[in-house]
Amino acid sequence: MFYPTPNQMRTIEANSEKNGLPCRELMEAAGDALAMQICQIGLDISLSSGTVFICGSGNNGGDGFVAARLIAEIGFPVTIALVCGDPSTELAMTEYCELSGLKNVEVLSIEDNAEKLKGIMSEAAVIVDAVFGTGFHGYLPKQVKECFAIAGESLAVKVAADVPSGGDCLNGTVAEGALKADITLAFGFKKIGMLIDPLSEYCGEVIRADIGFTGNCLDGIDYLPELFGRRTAEELIPRRKKDSYKGDFGKLLNVSGCARMSGAALLSTRAALRSGVGLVTLASSEKVVDRIGAAVPEATYLLLEADESGAVSEKAAEKILAACENKTALLIGCGLSVTDGTKALVKKLIEEAACPIILDADGINCIADNIDIIRNAKEELIVTPHAGELARLSGLTVSEAASDRLTAAVNFSREYGVTVAAKGVPNFVAGNGRAYIIPAGNPGLSRGGSGDVLAGVIASFRAQGLSAVDSVALGVFVHGAAADIAAAELSETGMLPSDVTERLPFVFRKQNS
């Protein structure tokens, strides 16, 4: 299921026009679907007390005019509240003129009829928000907020045409004064912002209406966000044949840990093993290995020279590169620390490692001041940034990256040819022209170490031979599913990242059953 951005919706509509489905027909189809939804509501409550359409001047208002005409033609009373003046687009004006002479239709301007509309809306069965569509961003005009405030006091069923007006369909923000809908009828596709709070809360129940878009309308649109769910995950999880052996499931080299953060090496290594990889070698300092070796007897270890701070020395590069020659993936960065030495080490590994790389945490931080290193990567690269790391990679402020992680991830993927896991709520994945939305996990993951577990899961799938984008999407989904199991058993407050690792087998058991 695709969740386009506003810009992608404009492209889809333009492609529809090219493929013989003009905008007028799309508007008629949208209005018809809206009218049918109102009639569906009318099966439970009488529409004889009236339906109020709050209409803007653009094409979203035009959708409302079509539905209003159809409801009036059935014989039910309709009131149209114009909150932005007369229609300003040719399509909307055409549909507005179709209302002329119809019985049961009253058109009122909010500026001159606020009290009258208050009385009408207090008695109405249904109130339809058809003011602004998917391209809205910014602030609601004063008169729109006034009308929505009146509507909000009514007990009528509130229906949003395509999206609640004031909602940003890209980043999920909502303008002050927006009207909460009981039902949002999304035309053609549900939009990406509808999955993001607070807009998701304003949408109520979201119902998708087919208005005639064909598969051809999606041609040429890359990074079209697609919901990644359980069925896709089941298809991607590697299956184990009866005659398989450890070498069939990949060999991961994990360059992680330092004297101050040995736990990150432990968490990422255990998570990788719990996710099915055949062999894991942790490459780290002797101090890190001494601390965690007994806790992960299934791993093998590559001892590396450390500098005075306890971080892996850049002198270890050749030993790591030699070890990469028979590995199927390389994870770099969990608890690695950021020093001049680790910066030089990460740069050399990116440029010379002979296997796919997963760059996490301090691996990302080590290149943040010299991003172009990524262009020299010998093998395909995955990066797994949270909002702060994504901001540093993209040259944005943290607030800019956090407010629109999808765009930041897509832009970075397109610019540098890498796969990006933009961690957050929801998670976004972008790579090789594809984009996924993964609403997995819960607030219990909001603690140190969760990212190390996720990095280990992703690296495990990459080592097992999945593509970069599939490894990331599946890793995020499985990690989130395990976190949900942990929260159900232990609570979001009490669960730990290590608890998530220990619940990974239950996700796979459920998927393989």
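All residue numbers refer to positions in the sequence shown, counting from 1.
- Scanning both residues, Leu466 and Pro238, for their nearest heavy atoms gives CD1-CG, 3.7 Å.
- Of the possible polar contacts, one joining the Asn427 side chain to the Gly424 backbone as a donor-acceptor pair under 3.5 Å is found.
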How far apart are the C-alpha atoms of Phe132 and Asn60, what are their side-chain angles, what is the distance that settles it, and do they pass the side-chain contact (heavy atoms from CB on, under 4.5 Å) test? CA-CA 6 Å; Phe132 297 117; Asn60 194 243; 5.5 Å; no
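- How far CG of Leu224 is from CD1 of Ile192: 9.5 Å, rounded to the nearest 0.5 Å.
- Within the 4.5 Å cutoff, no side-chain heavy atoms of Leu34 are placed close to those of Val66.
- For the pair Cys55 and Gly61, the tightest heavy-atom approach, listed with the atom from each and the gap, is SG-O, 3.9 Å.
- Using modelled atom types, one side-chain atom of Arg239 and one backbone atom of Ile237 make a donor-acceptor pair closer than 3.5 Å.
- Annotation for Thr173 and Pro198: closest pair CA-CD, 4.2 Å, computed over non-hydrogen atoms.
- Side-chain N or O atoms of Lys158 include one that pairs as donor or acceptor with a backbone N or O of Ser154 at under 3.5 Å.
- Of the inter-residue distances, the one linking Leu236 atom CG with Leu474 atom CG reads 5.5 Å to the nearest 0.5 angstrom.
- Using a 4.5 Å heavy-atom cutoff, the side chains of Val425 and Asp197 are not in contact.
- Ser399 and Thr397 share a side-chain donor-acceptor pair at under 3.5 Å.
- There is no side-chain donor-acceptor pair under 3.5 Å between Asp404 and Asn171.
- Between Glu28 and Arg24, at least one side-chain nitrogen of the basic residue sits less than 4.0 Å from a carboxylate oxygen of the acidic one, meeting the salt-bridge criterion.
- Between the side chain of Asn15 and the backbone N or O of Cys217, at least one donor-acceptor pair lies under 3.5 Å.
- By the 6.0 Å contact criterion, NZ on Lys118 is open, its count of non-hydrogen atoms from other residues, nucleotides or ligands being 12 or less.
- Within 6.0 Å of CD on Glu489 lie more than 12 heavy atoms contributed by other residues, nucleotides or ligands.
- The backbone N or O of Ala14 lies less than 3.5 Å from no partner atom in the side chain of Glu17, so there is not a single donor-acceptor pair.
- Taking 4.5 Å as the limit, every side-chain heavy atom of Leu381 sits out of range of all side-chain heavy atoms of Tyr416.
- The closest side-chain heavy-atom distance from Met121 to Cys147 is below 4.5 Å.
- The residues Glu226 and Arg434 are annotated as not salt-bridged, no charged nitrogen and carboxylate oxygen being separated by less than 4.0 angstrom.
- Taken from CG in Asp32 to CZ in Arg69, the straight-line distance is 9.5 Å, to the nearest 0.5 Å.
- Checking side-chain atoms of Ser57 against main-chain N and O of Gly85 turns up no donor-acceptor pair under 3.5 Å.
- The backbone N or O of Val83 sits less than 3.5 Å from a side-chain atom of Gln143, completing a donor-acceptor pair.
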Quick one, Phe187 with Glu13, criterion side-chain contact (heavy atoms from CB on, under 4.5 Å). Give me CA distance, side-chain angles, the key distance, then yes/no. CA-CA 11 Å; Phe187 300 142; Glu13 291 168 0; over 6 Å; no
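- Between Pro439 and Leu195 the shortest side-chain heavy-atom distance does not fall below 4.5 Å.
- The line from CG of Asn432 to OG1 of Thr419 is 7.0 Å long, rounded to the nearest 0.5 Å.
- By the 4.5 Å heavy-atom criterion applied to side chains, Ile374 and Phe412 are counted as neighbours.
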Could you walk me through whether Phe428 and Leu390 pass the side-chain contact (heavy atoms from CB on, under 4.5 Å) test, one step at a time? CA-CA 12 Å; Phe428 296 118; Leu390 184 59; over 6 Å; no
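- Open room surrounds CG on Leu155; 12 or fewer heavy atoms of other groups in view lie less than 6.0 Å from it.
- The two atoms that bring Pro77 and Ser49 nearest to each other are CG-C, 4.5 Å, heavy atoms only.
- Contact check on Glu111 versus Lys142 returns no salt bridge, with no Lys/Arg side-chain nitrogen under 4.0 Å from an Asp/Glu carboxylate oxygen.
- Panel note: side chain Arg447, backbone Met495; a donor-acceptor pair is recorded below 3.5 Å.
- In terms of modelled atom types and a separation under 3.5 Å, the side chain of Thr384 and the main chain of Ala421 share no donor-acceptor contact.
- Residue Glu98 holds its CD atom at 6.0 Å from CD of Glu95, rounded to the nearest 0.5 Å.
- In this structure, Gln8 and Pro225 have side chains that are in contact, with non-hydrogen atoms separated by less than 4.5 Å.
- No side-chain donor-acceptor contact under 3.5 Å links Tyr436 and Thr232.
- Looking at Ser460 and Gln464, their side chains do bring a donor and an acceptor atom within 3.5 Å of each other.
- Here the closest non-hydrogen pair linking Ile437 and Tyr3 is CD1-CB, 3.6 Å.
- The minimum heavy-atom distance linking Val478 with Leu504 is given by the pair CG1-CD2, 3.6 Å.
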Are Asp470 and Phe461 close enough, and set up right, to give a side-chain contact (heavy atoms from CB on, under 4.5 Å), and what steps lead you there? CA-CA 8 Å; Asp470 285 343; Phe461 290 137; over 6 Å; no
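- Side chains of Leu179 and Ser165 form no contact here, defined as non-hydrogen atoms less than 4.5 Å apart.
- Ile12 contributes atom CD1, which lies 9.0 Å from atom CZ of Phe2 (distance to the nearest 0.5 angstrom).
- Judged by distance alone, with hydrogens and angles left aside, the side-chain atoms of Arg208 form no donor-acceptor pair with the main-chain N or O of Leu185 at under 3.5 Å.
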